[in-house]
Amino acid sequence: MEERYIPQDIEKKWQKYWHEKKLFEVTEDPTKKKYYLLEMFPYPSGKIHMGHVRNYSIGDVVARYKKMRGYNVLHPMGWDAFGMPAENAAIQNKTHPAKWTFGNIDYMKKQLKRMGFSYNWNREIASCHPGYYKWNQWFFLKMYDMGLAYRKKSSVNWCESCKTVLANEQVEAGLCWRCGTEVTQKELEQWFLKITQYAEELLKGCDDLADGWPEKVLTMQRNWIGKSYGAEVDFPVVDSDGVIRVYTTRQDTLYGATFMSLAPEHPLSKELSEGTPQEKEVLNFIAEVSKEDKIIRSAEDTEKKGVFTGRYAINPMTNQKIPIWVANFVLMEYGTGAVMAVPAHDQRDLDFARKYDVPVKVVIHPYEKALDEETMTEAFVEEGYLVNSGQFDGMNSVEALDKIGEYLEEKGIGKRTVNYRIRDWGVSRQRYWGTPIPIIYCDECGIVPVPYEQLPVILPVDIEFEVDGRSPLPEIESFLFTDCPICKRRAKRETDTLDTFVCSSWYFDRYTCPRYDESPLDEKAVNYWMPVNQYIGGIEHAILHLLYSRFFTMVLHDMGLLHVGEPYENLLTQGMVIKDGAKMAKSKGNVVDPNDIIEQYGADTTRLFILFASPPERDLDWSDQGVDGAFRFLNRVWRMVFGNLEKIKDISPYDDKIPIPDHLKNLRRKTHQTIKKVTDDIEERFHFNTAISAVMELVNTIYQIKTDDVKDPLSISVLREAIETVVLLLSPMVPHLSEELWEALGGSDSIITVPWPSYNEKVIQEDEIVIVIQINGKLRSRINVDASSSEEEIKETALNTPRIKELLKGNEIKKVISVPRKLINIVTG
RNA sequence: GCGAGAGUGGCGGAAUUGGCAGACGCACUGGACUUAGGAUCCAGCCCCUUAAAAUGGGGUGGGGGUUCAAGUCCCCCCUCUCGCACCA
């Protein structure tokens with residue numbers, strides 16, 4: 001036997017080789033089919049964790065496989081390098097965020113290289129580099145020019161721990177997505193990107209992505225966009241010229257509106273109650289509600305409260321006076337901030353009506369039961385027919401949606417409309433470590449964008465960090481003060497920075513031309529490579545990053561910078577790595593450090609275990625013993641190659657020219673079946689676990705071959721083909737070991753340059769097949785028949801099998817079902 | 001509450017189109033080799049019946065159904081995971 005398998009030595013050797021040969025560097029080549037494979041770029045938090053290893057191992061298999069299939073594969077890596085943790089670390093360790101970040105990048109890059117991932121490293125980008133964030137600023141200005149970036153004062157989500165504003169997408173169950181602190185509301189002037197303008201396009205795009213994206217992600221995005229069809233209706237206010245406009249999706253219930261609810265923030269809430277006996281009560285209520293946290297206030301189980309304004313509106317359908325209330329559950333941000341309340345057909349309104357003793361009026365009647373207005377406690381929300389609804393009485397309620405909508409338009413009372421739940425994306429962050437927003441405020445000229453030729457607005461790095469966590473930017477005079485580009489007078493810079501999600505919204509475009517300096521994107525490069533053919537990452541970005549980057553792609557498309565309208569053709573969301581039933585987390589003490597595993601077993605074993613333990617979209621249960629098993633298998637492969645090396649070294653693989661010796665037909669068939677299985681598993685399903693198990697079976701088959709059976713050159717060539725196939729099929733998953741074995745087998749070039757093996761459909765066919773014989777669906781026997789046997793012959797043989805004959809004695813055969821090449825089912829009476 | 005996904009041996013998982021349930025691996029048991037074994041090789045390993053077994057019976061969360069045939073399709077229920085959740 002040859003030397004032992006020592007992964008660490010081999011892996012170093014081949015990593016060096018790949019680097020020196022520049023094997024993973026690519027350029028646009030119109031003669032080759034391109035394939036852009038991308039994994040979500042990491043935040044340089046310190047070191048790689050198992051989730052990264054899983055994400056990138058999956059991606060690397062696909063990248064290497066596609067390369068062997070002849071594609072021009074772009075497989076880049078970079079760093080999502082702006083963000084809070086750098087600032088926290090800076091305060092804690094008395095260092096600078098940049099130093100901390102670049103230190104982490106250096107270390108993590110070494111770790112990724114140690115894993116042997118096939119990245120095109122000379123396309124590396126770090127979003128905190130001015131050469132990158134310059135273009136964030138450029139896009140921001142373009143969007144400002146296009147009216148897509150605007151500034152407004154509004155109530156925004158505030159995280160006290162991060163001391164910054166958060167986008168709606170970054171608030172999870174009322175908590176900050178990053179630190180878990182409870183989010184409160186603040187009134188602030190902020191910059192927004194008009195993602196709402198693309199709501200319809202983002203929604204429509206979901207349908208086109210249905211083939212390549214997980215249904216779950218699309219559903220989440222659709223829900224987030226939240227399109228609803230309804231109507232806006234004007235309710236005249238009694239003793240006033242004004243109207244209150246409401247949004248409803250249930251215009252069929254208009255006749256049942258017995259009161260109206262305004263959001264406390266609605267300007268009319270205060271205005272209407274002025275001078276009424278209820279004025280004080282209303283003002284108190286508004287003050288009380290505004291003190292409450294909005295997240296808690298808008299939770300479903302919060303008590304519904306309200307006050308009467310002392311004023312009335314007219315239901316435009318019934319011309320009846322209905323009281324106007326202010327209610328805590330009405331949201332100013334959704335619809336018009338005013339709701340027509342139909343207690344009989346909306347649970348919230350019913351609860352509210354019962355509590356404050358407002359009348360309930362049934363206008364939709366169920367087809368199969370009766371409702372009692374006086375006593376009902378459950379609102380009827382299903383389909384029914386209209387009652388108490390004037391000319392619409394008797395009409396089906398679904399039909400009435402349209403008919404009443406038409407009526408509203410005819411009468412000029414209202415109009416049918418669509419409404420979206422999605423809000424504009426607030427991108428201002430009161431943080432230091434981010435892209436400076438390229439805006440100047442001038443007392444004379446107002447809001448003035450920084451001229452394009454002055455980009456980038458450099459983030460000053462020569463600063464001290466205070467312990468209280470506030471951004472130091474507003475205190476740096478050399479940054480803060482500048483000349484107004486228009487009037488040249490002293491003016492102030494914006495000191496907020498852009499949300500880091502801006503960086504990740506277009507980084508995949510930049511990989512195609514990372515050093516291009518004339519504009520953000522080199523048209524030729526970006527349109528050669530885009531879209532990303534396969535994107536791989538965690539499900540936690542289902543809404544945030546995946547929605548923002550779709551939005552950016554559409555905007556860039558409209559700017560004329562991109563041909564594509566969607567960034568990612570296919571999306572794979574990989575599951576979490578868990579251990580002992582819980583996600584790996586420091587707090588749970590169940591973290592496995594990839595470094596330890598690599599040190600002990602090598603990168604190949606780490607990769608193999610991760611790929612073998614579970615299909616990618618499912619959670620992966622970490623098992624130390626499983627890693628042992630993966631290592632054992634690689635040793636087995638090693639011994640298989642070196643144990644046969646002397647014999648097979650100078651022999652070419654079997655080439656079909658001379659008939660195959662009978663005793664090796666099975667081996668050859670298994671070899672080709674395995675090629676097919678592994679190819680299909682990688683190509684169509686990303687099921688690497690079953691691909692690996694298939695290779696294991698082939699290895700087992702090779703081990704079962706008796707030495708005496710492979711003595712002549714022809715037999716040896718069949719063995720050579722089998723062994724070579726194992727090495728080739730494993731190479732995307734365990735690249736270092738495969739390179740070493742390939743070299744031993746006489747390969748002169750990197751295994752990644754070798755074409756992926758192909759299989760011969762004829763060889764896969766069995767000569768003899770097993771037919772299962774069932775009686776009444778129960779397995780009773782198996783027979784071997786010649787593969788060429790006809791259905792009739794098989795039936796005949798089956799019925800004449802002694803055991804079957806015995807079992808059938810005295811039973812009448814009603815029919816015989818035959819499934820070609822699989823089974824015979826005999827049905828008796 | 002709504003939406004999505006899942007539930008298969010001691011464990012991870014396989015069964016791709018309705019056609020032999022448990023591939024492959026881990027753990028475990030026995031044996032061989034051996035100075036040694038946490039190396040390697042061979043064998044066994046869903047449950048029941050059994051001295052042992054079978055081409056005996058049962059079995060894919062539970063109940064019902066469709067079918068010659070169901071882990072797979074349909075209906076009802078249970079459990080778990082994830083997402084959304086006063087959106088008018």
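Computed over heavy atoms, backbone and side chain alike; hydrogens, waters and symmetry mates excluded. In what follows, chains are A, B, ... by sequence order, proteins preceding strands, each numbered from 1.
Look at the P atom in both B:rG71 and B:rU16: the space between them is 12 Å, to the nearest Å. A gap of 8 Å separates the P atoms of B:rC46 and B:rA23, to the nearest Å. Look at the P atom in both B:rG65 and B:rU60: the space between them is 15 Å, to the nearest Å. For B:rG30 and B:rG12, the P atoms lie 25 Å apart once the distance is rounded to whole Å. Spacing between B:rU67 and B:rC73 at atom C1', rounded to whole Å, works out to 10 Å. Going from the P atom of B:rG18 to that of B:rU72 covers 12 Å, rounded to whole Å. For the P atom pair drawn from B:rC45 and B:rC24, the interatomic distance equals 12 Å after rounding to whole Å. As rounded to the nearest Å, B:rA6 and B:rG13 have P atoms that lie 13 Å from one another.
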- Quick one, give me the B/S/- string for nucleotides 4-25 of chain B, reading 5' to 3', where B means a protein heavy atom under 4.0 Å from the base and S means that only happens at the primed atoms, P, OP1 or OP2. S-------BSSSB--BB--BBS
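A:Thr249 comes within 4.0 angstrom of the backbone, heavy atoms only, and of no base. Note on A:Val339: a base of the nucleic acid sits closer than 4.0 angstrom, heavy atoms only. Nucleic acid contact for A:Lys814: none, since no nucleic acid atom lies under 4.0 Å from a heavy atom of the residue. Residue A:Val330 is classed as a base contact, given a heavy-atom separation below 4.0 Å to a base.
Between the side chain of A:Asp349 and the main chain of A:Val342, a donor-acceptor pair closer than 3.5 Å is present. For A:Gln347 (side chain) and A:Ala379 (main-chain N/O), a donor-acceptor pair under 3.5 Å exists by modelled atom type. In this structure a side-chain-to-backbone donor-acceptor pair under 3.5 Å is present from A:Asn644 to A:Met640. For A:Ser397 (side chain) and A:Gly384 (main-chain N/O), a donor-acceptor pair under 3.5 Å exists by modelled atom type.
Helical stems in RNA chain B, defined as runs of 3 or more consecutive Watson-Crick or G-U wobble pairs with both donor-acceptor distances under 3.5 Å, are listed by first residue as B:1-7 with B:78-84, B:10-12 with B:24-26, B:28-32 with B:40-44, B:46-48 with B:56-58, B:61-65 with B:73-77.
Atom OH of A:Tyr601 and atom P of B:rG38 are 15 Å apart (whole Å). Here B:rG83 presents its P atom at 19 Å from CZ of A:Arg222, a figure rounded to the nearest Å. When rounded to the nearest whole Å, the span between CZ of A:Phe259 and P of B:rA88 equals 16 Å. What separates CD of A:Gln221 from C1' of B:rC84 is a distance of 14 Å, to the nearest Å. Nucleotide B:rC87 holds its P atom 17 Å from the CE atom of A:Met332, rounded to whole Å. A:Tyr247 places its OH atom 12 Å from the P atom of B:rC87, with the value rounded to the nearest Å. As a whole-Å value, the separation of A:Glu265 CD from B:rC87 P is 16 Å. Across the protein-nucleic acid pair, A:Asn223 atom CG and B:rC86 atom P stand 13 Å apart, rounded to whole Å.
Between A:Trp325 and A:Tyr356, the ring planes lie tilted relative to each other; the angle falls in the 30° to 60° range.
Taking side-chain N and O atoms only, A:Arg639 has a distance below 4.0 Å to OP1 or OP2 of B:rC41. Distances shorter than 4.0 Å separate some side-chain N or O of A:Arg421 from OP1 or OP2 on B:rA85. OP1 or OP2 of B:rA88 sits under 4.0 Å from a side-chain N or O of A:Tyr334.
Geometrically, A:Arg636 engages A:Tyr703 in a cation-pi contact, judged by NZ or CZ lying under 6.0 Å from the ring centre and within 45° of the ring axis.
Comparing A:Glu303 and A:Asn635, the nucleotide of RNA chain B nearest to each residue sits closer to the 5' end for A:Asn635.
Judged by atom type and distance alone, A:Arg780 does not reach the base of B:rU55 through any side-chain donor-acceptor pair under 3.5 Å.
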- Task: Carefully, step by step, assess A:Lys670 and A:Thr725 under the rule side chain to side chain contact (heavy atoms under 4.5 Å, CB included).
- Result: CA-CA 11 Å; A:Lys670 187 77 183 170; A:Thr725 298; over 6 Å; no
- Item | Stepwise salt bridge (Lys or Arg N to Asp or Glu O under 4.0 Å) test for A:Glu697 and A:Lys677 | CA-CA 11 Å; A:Glu697 284 185 51; A:Lys677 168 81 177 151; over 6 Å; no
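Counted by atom type alone, A:Thr196 and A:Asp424 present one or more donor-acceptor pairs between their side chains at under 3.5 Å.
Every residue was checked against the ring-ring contact (aromatic ring centres under 6.0 Å, His included) condition with A:Trp224, not counting sequence neighbours, and none meets it.
Because its glycosidic torsion is within 90° of 0, B:rG9 is reported here as syn.
Atom-to-atom distance recorded for A:Ile771:CD1 and A:Glu791:CD is 9.5 Å, nearest 0.5 angstrom.
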